[in-house]
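Bear in mind the structure is a predicted one, so any value in this text is a computation, not a measurement.
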Amino acid sequence: TSDPEPSRIKHEETEEQTDRIEMKEQKQKSNECEKSFSHKGNFKEHMRIHTGEKPYTCPQCGKSFSQLDTYKQHQKTHNEVKEHVCCECGKSFAKASCLKLHQMIHTGEKPHKCSYCSKSFTQAGTVRVHERVHTGEKPYHCTQCGKSFKSSTVLKEHMKIHTNEKPYACFYCGKCFTQQGHCKVHQKIHTGERDHVCCECGKSFTRADNLEQPQRVHTGERPNKCSYCDKSFTQSVDLKRHKRAHTGEKPYHCPPCEKSFGYLKSLKRHLKKCHTSHHHNE
């Protein structure tokens with residue numbers, strides 16, 4: 001009698017080949033972008049770009065990575081000889097390219113320009129993230145609430161809302177925050193520090209974004225453009241208010257008579273004229 005073993009092996013090989021063909025045909029496709037993958041491992045690793053998950057943590061410095069290769073590459077930096085020294089501040093680097101990038105802090109060189117506005121950056125990755133402000137692209141998604149973000153760093157900070165993690169405590173009053181930036185801004189209430197100064201009028205602010213608005217008064221810049229007409233505004237809140245003239249939106253409601261108004265001042269005027277007693281009671 002003939003041995004059935006070879007035919008069984010051949011059958012198993014055929015099944016394995018069929019599985020491989022089916023897997024290639026049924027490529028795993030990312031819902032977030034158009035990329036697709038034949039191997040589940042590659043697909044899983046790619047999805048971390050969207051989720052912001054960084055499972056590989058360096059035991060020496062605590063830095064986290066989404067890709068195993070990047071993590072391994074990073075670990076080598078702890079053992080490298082740092083022979084490239086910055087002549088300005090004395091900081092040393094293992095690679096000449098890292099030193100060159102660092103030196104831009106001292107020279108003020110920003111070779112990577114935004115395609116949409118006049119801003120420029122030292123690194124290509126930073127300009128890519130910035131350009132998402134203009135394009136509206138938000139490739140990083142929260143798995144808990146579905147919110148989207150332009151960078152993995154912002155997503156990581158957002159995730160602390162769900163975990164209720166508040167690792168940053170105020171040195172003066174003990175109030176805790178999910179983000180270090182929020183904690184730093186809060187501490188200025190205690191110190192009275194206003195380190196963002198307008199070079200035109202000398203006014204100072206606790207936050208950089210608060211300084212941005214009055215600076216536009218001096219420069220005449222009006223980046224907030226109306227999509228219905230050719231008007232533009234220095235502040236986004238003014239554009240929002242203006243758009244109501246086109247959309248007919250009336251978000252301010254009168255409690256006594258249920259009339260609606262597009263502007264707060266219109267509601268106040270109406271209350272004073274028609275419901276004086278009710279307005280005083282409030």
Side-chain angles (χ1 to χ4, degrees), residues 52 54 56-67 69-135 137 140 149-157 167-168 170-171 177 179-188 190-221 223:
K54 293 180 178 182
Y56 307 106
T57 306
C58 175
Q60 286 179 268
C61 68
K63 228 180 178 184
S64 297
F65 302 87
S66 58
Q67 315 290 323
D69 288 344
T70 318
Y71 165 68
K72 283 179 177 177
Q73 195 66 38
H74 163 80
Q75 280 196 314
K76 290 175 185 175
T77 62
H78 292 295
N79 306 317
E80 284 175 332
V81 178
K82 296 180 178 182
E83 57 186 7
H84 304 281
V85 184
C86 175
C87 56
E88 292 288 334
C89 66
K91 203 173 182 183
S92 55
F93 301 87
K95 294 176 184 175
S97 58
C98 293
L99 171 62
K100 192 180 177 183
L101 189 65
H102 162 80
Q103 283 176 325
M104 288 177 186
I105 296 166
H106 303 297
T107 62
E109 187 190 350
K110 293 180 178 182
H112 303 283
K113 299 184 191 304
C114 173
S115 314
Y116 303 92
C117 71
S118 58
K119 280 189 176 180
S120 54
F121 303 86
T122 54
Q123 295 185 50
T126 314
V127 78
R128 274 199 301 271
V129 171
H130 162 77
E131 283 182 343
R132 289 172 189 154
V133 172
H134 302 288
T135 62
E137 186 195 357
Y140 301 95
F149 301 90
K150 64 177 183 176
S151 73
S152 58
T153 310
V154 181
L155 171 62
K156 195 177 178 181
E157 289 297 314
Y168 307 105
C170 173
F171 178 77
F177 299 86
Q179 294 182 38
Q180 190 178 28
H182 292 172
C183 183
K184 281 181 178 177
V185 169
H186 162 80
Q187 284 184 158
K188 289 174 186 175
H190 301 290
T191 61
E193 185 188 355
R194 289 171 169 261
D195 51 345
H196 301 283
V197 183
C198 176
C199 54
E200 294 289 334
C201 65
K203 270 190 177 180
S204 57
F205 303 88
T206 54
R207 289 166 52 164
D209 55 345
N210 288 346
L211 169 63
E212 203 172 59
Q213 302 297 347
Q215 276 186 325
R216 286 173 186 162
V217 174
H218 302 300
T219 60
E221 187 192 355

Residues which pass side-chain contact (heavy atoms from CB on, under 4.5 Å) with [X], listed by chain and number, not counting sequence neighbours:
{"X": "Thr153", "answer": "Ser151"}
{"X": "His74", "answer": "Cys58, Cys61, Lys63, Phe65, Thr77, His78"}
{"X": "His134", "answer": "Cys114, Tyr116, Cys117, His130"}

| field | Listed partners of Lys184 passing salt bridge (charged side-chain N to carboxylate O under 4.0 Å, His left out), at least two apart | value |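 Scan of Lys184 (salt bridge (charged side-chain N to carboxylate O under 4.0 Å, His left out), adjacent residues dropped) gives none.
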
| task | Would you please test Lys156 and Ser152 for side chain to side chain contact (heavy atoms under 4.5 Å, CB included) and show each step? | result | CA-CA 6 Å; Lys156 195 177 178 181; Ser152 58; over 6 Å; no

| request: Quick one: list whatever passes ring pair (Phe, Tyr, Trp, His ring centres under 6.0 Å) with His182, sequence neighbours left out. | output: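 Partners of His182 by the ring pair (Phe, Tyr, Trp, His ring centres under 6.0 Å) criterion come out as none, since no residue qualifies.
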
| request: Report the residues that fulfil ring pair (Phe, Tyr, Trp, His ring centres under 6.0 Å) with Phe177, sequence neighbours left out, ordered by chain and then residue number. | output: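 Phe177 satisfies ring pair (Phe, Tyr, Trp, His ring centres under 6.0 Å) with His186 once adjacent residues are dropped.
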
Give the table of side-chain donor-acceptor pairs shorter than 3.5 Å for residues 93-108, with sequence neighbours excluded, one pair per line with atom names and distance.
from, atom 1, to, atom 2, distance (Å)
His102, NE2, His106, NE2, 3.2
Thr107, OG1, Gln103, O, 3.4
Thr107, OG1, Glu109, N, 3.3

Test side-chain hydrogen bond (donor to acceptor under 3.5 Å, both in side chains) applied to [X] - qualifying residues, sequence neighbours left out:
{"X": "Thr57", "result": "Ser64"}
{"X": "Lys110", "result": "none"}
{"X": "Thr70", "result": "none"}
{"X": "Glu157", "result": "Lys160"}

| From Cys86 SG over to Lys91 NZ, what is the distance, rounded to the nearest 0.5 angstrom? |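 It is 9.5 Å, given to the nearest 0.5 Å.
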
| said: Would you compute the distance between atom OG1 of Thr191 and atom CZ of Phe171 and round it to the nearest 0.5 angstrom? | reply: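 Going from OG1 on Thr191 over to CZ on Phe171, the span is 11.5 Å.
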
| task | Scan residues 124-135 for pairs that pass salt bridge (charged side-chain N to carboxylate O under 4.0 Å, His left out), counting only residues two or more places apart or in two chains. | result |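 Applying salt bridge (charged side-chain N to carboxylate O under 4.0 Å, His left out) to every pair that reaches into residues 124-135, excluding sequence neighbours, yields Arg132-Glu137.
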
| message | Let's go through Thr126 and His112 carefully: what are the C-alpha distance in whole Å and the side-chain angles of both, what is the deciding distance for side chain to side chain contact (heavy atoms under 4.5 Å, CB included) to 0.1 Å, and is it a yes or a no? | response | CA-CA 9 Å; Thr126 314; His112 303 283; over 6 Å; no

| How close do Val85 and Gly90 get, heavy atom to heavy atom, and via which atoms? |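 So the minimum-distance heavy-atom pair works out to CG1-O, 3.7 Å.
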
| Taking the side chain as C-beta and beyond, is there a heavy-atom pair between Lys113 and Val127 under 4.5 Å? |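 When only atoms from C-beta onward are counted, Val127 and Lys113 do not touch, as no gap falls below 4.5 Å.
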
